[in-house]
Chemist: 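Pasting a structure here, questions to come.
The figures here come from the full heavy-atom set of this structure, side chains too, leaving out hydrogens, waters and symmetry mates. Below, read A as the first sequence line, B as the second, and so on, with proteins coming before strands; counting in each chain starts at 1. Please read these numbers as outputs of a predicted model, since none were measured by experiment.
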Amino acid sequence: MNGAHDMGGMHGMGPIDTDPNDPLFHAEWDKRAFAITLALGFHGRWNIDTSRHARENRHPADYLGSSYYEIWFKGVERLAVETGLVSAEELATGEPAAISQTPPPDPARVAAILAKGASAKLDDDVPAKFNAGTKVRVLDITTPGHTRVPRYCRGRIGTIDRDHGVYVFPDTHAHGLGKKPQHCYSVRFGGRDLWGDAAPSNDTIYVDLWDDYLEAAP
Amino acid sequence: MNGAHDMGGMHGMGPIDTDPNDPLFHAEWDKRAFAITLALGFHGRWNIDTSRHARENRHPADYLGSSYYEIWFKGVERLAVETGLVSAEELATGEPAAISQTPPPDPARVAAILAKGASAKLDDDVPAKFNAGTKVRVLDITTPGHTRVPRYCRGRIGTIDRDHGVYVFPDTHAHGLGKKPQHCYSVRFGGRDLWGDAAPSNDTIYVDLWDDYLEAAP
Amino acid sequence: MGGHDHSHGHNHSHGHGHPHAAPASPLAERVKSLEALLVAKKLVDPDSLNALIDTYEHKVGPRNGAKVVARAWSDPAYKERLLRDATTAIAEFGFTGRQGEDMVVVENTPAIHNMVVCTLCSCYPWPVLGLPPVWYKSAPYRSRAVMDPRGVLREFGTVLGDEVEVRVWDSTAELRYLVLPERPAGTEGFSEEQLAELVTRDSMIGVTRAKTPESVP
Amino acid sequence: MGGHDHSHGHNHSHGHGHPHAAPASPLAERVKSLEALLVAKKLVDPDSLNALIDTYEHKVGPRNGAKVVARAWSDPAYKERLLRDATTAIAEFGFTGRQGEDMVVVENTPAIHNMVVCTLCSCYPWPVLGLPPVWYKSAPYRSRAVMDPRGVLREFGTVLGDEVEVRVWDSTAELRYLVLPERPAGTEGFSEEQLAELVTRDSMIGVTRAKTPESVP
C-alpha cells in the first residue's frame, strides 16, 4: 500500500533529533507495548510481514500522528483480535471471557527464542532471474496490500548489486498467501536516477528487492 | 516539495463522503477564513503559486490533521507576516501597531475584481518544445520548493495530448523568481504506465505539465 | 511564521474523514482575532468580506454551469464553440474570472467518461461551479481519483462498463476543467431551462451522470 | 478492528518531531489494560515481558557491534570473513537471532561512506546494535536519508568531501546492515578492548565516524 509509512523522499518532516543519549524507551507504557508485541508473537499466529502490515495499514493522519510504540500497540491490538487470540469484546471491556488453552513459552526460554530468531531465507531451489551487474527496472506495481517496494524507486532503473539468495516474498506472506520463494537482490540506484540531476553524481541508494518486483531494463 | 498535499496514489484515506447536500461551509469561521484569504490577496503581495506553497509547506501530520479552511487560514497567517502586511507581534497580540497606508479596494469593486480574474496565460512568443502526439518522459525532479508535478507521474512516459499555450511557471513564480514563460501541455498517461498491469487498460490520466518538467521520451 | 508551522492543539479529528466536525474553538478564535486585526489596520474592508462570502454562497454556483451544458445540448454550434474554446464560449454567459480564467470542456460519450480532480490542492472552475464541495477537496477523493477512478465512480453510484474509457483530468495547472455530461434520453423537445434542471454539480465534475427526466418530479 | 483504525483522541503532538513527549494518559491506560487481559487469559507470562525488556535494555546493545568492529580492525582474516559472510562471522561472538538472522556488513573507506536506513519501518540489526534509537525510527531521518544523505550526515556533524561516494542502504527486506567504520588514525597497537571504546552506535549506522583516540578521556 502507498501509505504514510513509505517515507523515503518526503519533505517537511522537520529536523532530526540527533541526541546520542536519547533513551530507547521514554515511558513505562512503551516498554510494555514493545514486550507485549514480542510475547504475543510467540504464539505464531502472525509473521513479521503480517505485523508490519498491521502497523502501516491505517489512515496517514493516524500513522503520522502516532508515536512509534503507539503504532506498535495499535498493531498488536489489531492482530490479537484478527487472529482470535482476544475477542473484540474482551479488548473493549478488559474482562477475559476465556482462558487460553495454548500456554505461552516458559520465560526461561525467551533468551533462546530470541537468539534463534526466524530467518526469512529459504533453501528452495529457485533460479534467479537476474545476475549481479544486470540492469533492471522496478515494476510500477500499486497494491492496497503489503509490499516492500518504496514508491521512490518504482519505475526506476537500477543495477543488481548482489543476489542475497532465496527469501520469503512479503506481498503474499503478509496476507496468508504463502512464502512464494524467490531471489532477493540488493539493487543499486544512482541518486540522479531517483531524484533528478540536482542530486550529487556519486550518491547511490541500495534497495533490497525481490524478483517479482523487477523486469529487465528496456 | 514532496508533501502530504501530493495525494495522488495514496492508500488508506478512507471512504468518500459523497453527500450531494453537504454545505460548502460548515462553520462561520471557515467562511471568514475563506474571505480573509481572498480579500488580503487583493493587495497583490503574493500570487497564487506563493499562496499554494504557503498552504502545502507544512509538516505532513499538520496538513493531514487540519481541515480545508484551517489550512487556508494557516497559509494566510503565514503570508501576511512573511510579506510584512502584519507583524509577528501584531499577529500574536491581535493589537494593531500601525495602520495600512495602502487602502483595500472599494467593496463595490469586489464583483468586478472576481469577474476579471488573473489569467496565468502569457502572450510571450516562446517556442513549444513538444507537439501533440509526441512521447515525453517526466523528469525526476525533486525540489523542496513549490512544484506542480505530482509524484505519481515522475519518471513516467506519456503523450502530449494538447498544447495549452504559454503559461507562468509555478516553480519559479512561487519563490519570487519570475514567470519563466513556457508552454504548458496536457500530457496523457495510460493507467498501466502509472500503476502497473493490474490497472484497467482503458484508464487514462491527463496531467497538465510544463516544458521544464519534460524531456523527449528515450 | 517562516518555515514549518508546528502549531499543536488543533483538532486532528478533521483529518480522519470527518472534515465537517465542529471546529476547534481555538481556531475560530484565531480567525476572529485576525479578522479584527486586519480591519483595525485597514487592510481589509468588512463589506468586502461579506461580499465575497455572499458571492460564492448565493450568486456563483453550479446553476451557471448547468446553463452552459443545457445550451451545448440544445445548440450544436454552441457545443462546437464550447469544445473548441471553452473560455470564450462560457464568457458568452458572462461567467468569467477568478479560477476560471482559462477553461477546458471535455465531453462524455457512450465510449468515454471524463472526470476531474485536483490531486495537489483543490483547483476547480469557480465561475461555472462555485466553490468545490468538501469531498472534492478531501484526501479520499484526491488520493484515489487518479489511481482507481472506477472505484471512485462506483462510490458515487456511477457504474461504467469495462469497455468505457475513463479519462481523469488532474488540474495541476491553471486550466480549469468542466465535464459536458451526456444528454439524457427522453429529453427531445426540452427547453434549455428544462434541460438545465437535469444538470447537477456532480455530473459536471464527472462523478455522476446527468439526471434522467423520470427522476425529476 | 479490521480495516482502518480511526481511533481519535491520541496525542498528535508525537508526530511533530517530539516523539518523546509525555504519552497521552489514555494510551498508557490502554496498554496496561491489554497487558492485564493477556496475563489473565494466560496468553503472556509477565516474567517473559520483563525478560524481553531486560534483554534489550541491558543485555543486547551496541557494545556487541563494537566488539565485532574492533576485531575486524585488529584481525584482517576476521575482517575478510565479516565482509564475505557477516552472519557467520558475527555468530562467532554469539550475536545471533531476532532481527539479525541475515547480516550484511559494508565497509567505509576514504572513498566510500555507507549509511543505513529503513524508509518503510524501522528495520535494524538488533543482535549487534540493540533496539534502534528514536531518530532512526523517526520521519525526518526515514524521509531524508535516501534523498539527501549528505544533508542528513551534516546534521550529525559528519561532513564529507564531494569526492566521497555515499552509499545508502535501505533495509527493505530481511537483510540487516552494519557499517564497518574506518579505523581512526593514531590507534596503532590498540587492543580490541581499546578499539571497541571508539566504536559508537551511530558510527555503525553510518551517520558518524568512529571516535578518535584524542576525543576519549
Side-chain angles (χ1 to χ4, degrees), chain B residues 5-10 13-18 20 22 24 26-27 29 31-33 35-36 38-40 52 58-59 62 64-68 70 73-74 77-78 81-82 85 90 94 96 99-100 104 107 110 114-117 119-121 148 150 164 184 195 202-208, chain C residues 1-2 4-6 10 12 14-15 17 19-20 23 27-28 31 33-38 40-45 47-49 51-53 55 96-98 101-102 119-121 131 133-135 137 139-143 146-147 149-150 155-156 165-170 172-175 202:
Chain B
H5 69 291
D6 187 359
M7 288 188 176
M10 288 293 285
M13 296 294 190
I16 300 166
D17 180 355
T18 61
D22 199 26
L24 297 179
H26 293 88
W29 70 263
K31 289 182 202 181
R32 310 308 293 182
I36 289 168
L38 266 62
L40 210 54
R52 286 202 186 105
R58 55 193 65 252
H59 194 293
D62 184 17
L64 292 171
S66 300
S67 73
Y68 182 75
E70 187 176 352
F73 180 70
K74 290 175 182 175
E77 275 190 330
R78 183 184 292 177
V81 173
E82 285 183 352
L85 284 177
E90 286 176 320
I99 303 300
S100 171
V110 165
L114 295 174
K116 183 163 184 289
S119 176
K121 195 166 188 176
R148 296 290 287 183
H164 293 305
C184 179
W195 315 110
N202 53 353
D203 279 6
T204 50
I205 294 92
Y206 293 74
V207 185
D208 286 333
Chain C
M1 292 292 289
H4 308 302
D5 180 352
H6 284 188
H10 46 276
H12 274 276
H14 288 303
H20 44 82
L27 186 63
V31 174
S33 166
L34 181 64
E35 179 177 337
L37 176 68
L38 297 175
K41 284 178 70 65
K42 297 195 188 301
L43 280 166
V44 305
D45 188 312
D47 289 341
S48 290
L49 298 180
L52 284 161
I53 294 167
T55 298
T96 62
R98 195 171 180 111
E101 291 89 346
D102 297 286
T119 60
L120 296 175
C121 50
L131 297 181
V134 169
W135 61 257
K137 306 178 289 188
Y141 184 73
R142 288 165 55 189
S143 58
V146 288
M147 177 171 58
R150 289 165 207 266
E155 238 167 286
F156 281 92
E165 178 183 339
V166 173
R167 296 183 177 176
V168 184
W169 300 83
D170 190 354
T172 51
E174 301 308 334
L175 289 304
D202 289 2

Chemist: Quick one: CG on Leu37(C) to CD on Glu77(B), what's the gap to the nearest 0.5 Å?
Modeler: 10.5 Å
Chemist: So, taking the atom named NE2 in His5(B) and the one named CG in Leu120(C), what distance separates them when rounded to the nearest 0.5 Å?
Modeler: 5.5 Å
Chemist: Using only atom types and a distance under 3.5 Å, with no angle test, would you say the side chain of Thr96(C) pairs donor to acceptor with the backbone of Ala115(B)?
Modeler: yes
Chemist: Of the listed residues (Gly94(B), Ser100(B), Pro20(B), Pro96(B)), which shares the most heavy-atom pairs with chain C below a 4.5 Å separation?
Modeler: Ser100(B)
Chemist: So which part of Ala40(C) gets closer than 4.5 Å to some heavy atom of chain B, the side chain, the backbone, both or neither?
Modeler: both
Chemist: Got Asp203(B) and Val168(C) here, is their nearest side-chain heavy-atom distance under 4.5 Å?
Modeler: no
Chemist: I need the Asp17(B) CG to Glu155(C) CD distance, nearest 0.5 Å.
Modeler: 10.0 Å
Chemist: Taking all atoms of both residues into account, what is the closest heavy-atom pair of Leu175(C) and Asp208(B), and its distance?
Modeler: CB-OD2, 3.7 Å
Chemist: Heavy-atom distances under 4.5 Å only: say whether Lys116(B) touches chain C with side chain, backbone, both or neither.
Modeler: backbone
Chemist: I'd like to know if the side chain of Arg148(B) and the backbone of Ala173(C) have a donor-acceptor N/O pair within less than 3.5 Å.
Modeler: no
Chemist: Can you find a pair of side-chain heavy atoms, one from Asp22(B) and one from Trp135(C), that are under 4.5 Å apart?
Modeler: no
Chemist: Please find the pair of heavy atoms, one from Ala33(B) and one from Val31(C), that lie closest to each other, and give the distance.
Modeler: N-CG1, 3.9 Å
Chemist: Is it true that Arg52(B) and Glu174(C) have a side-chain N and a carboxylate O under 4.0 angstrom from each other?
Modeler: yes
Chemist: Identify the two heavy atoms, one from Leu49(C) and one from Ala39(B), that lie closest to each other, and give their separation to 0.1 Å.
Modeler: CD2-CB, 3.6 Å
Chemist: When you measure from the side chain of Thr204(B) to the backbone of Val166(C), do you find a donor-acceptor pair of N or O atoms at a distance under 3.5 Å?
Modeler: yes
Chemist: For a quick test of reading the model, state the closest non-hydrogen atom pair linking Lys42(C) to Pro104(B) and the distance between them.
Modeler: O-CD, 3.2 Å
Chemist: List the atom of Val110(B), the atom of Leu52(C), and the distance in Å for their closest heavy-atom pair.
Modeler: CG1-CD2, 3.9 Å
Chemist: Looking at Leu24(B) and Lys137(C), what are the two nearest heavy atoms and their distance?
Modeler: O-NZ, 4.3 Å
Chemist: For the atom pair NZ (Lys121(B)) and CG (Asp102(C)), what is the distance rounded to the nearest 0.5 Å?
Modeler: 6.0 Å
Chemist: Are side-chain heavy atoms of Met10(B) and Met147(C) found at a separation under 4.5 Å?
Modeler: no
Chemist: Could you grab the distance from atom CG of Asp6(B) to atom CZ of Arg142(C), nearest 0.5 Å is fine?
Modeler: 9.0 Å
Chemist: Once rounded to the nearest 0.5 Å, what's the spacing between atom CH2 of Trp29(B) and atom CD of Glu35(C)?
Modeler: 13.5 Å
Chemist: Using a cut-off of under 4.5 Å on heavy-atom pairs, state which of Asp170(C), Asp202(C), Asp47(C) scores highest against chain B.
Modeler: Asp170(C)
Chemist: May I ask you to name which of Val207(B), Leu85(B), Leu38(B), Leu40(B) has the most heavy-atom pairs under 4.5 Å with chain C?
Modeler: Leu38(B)
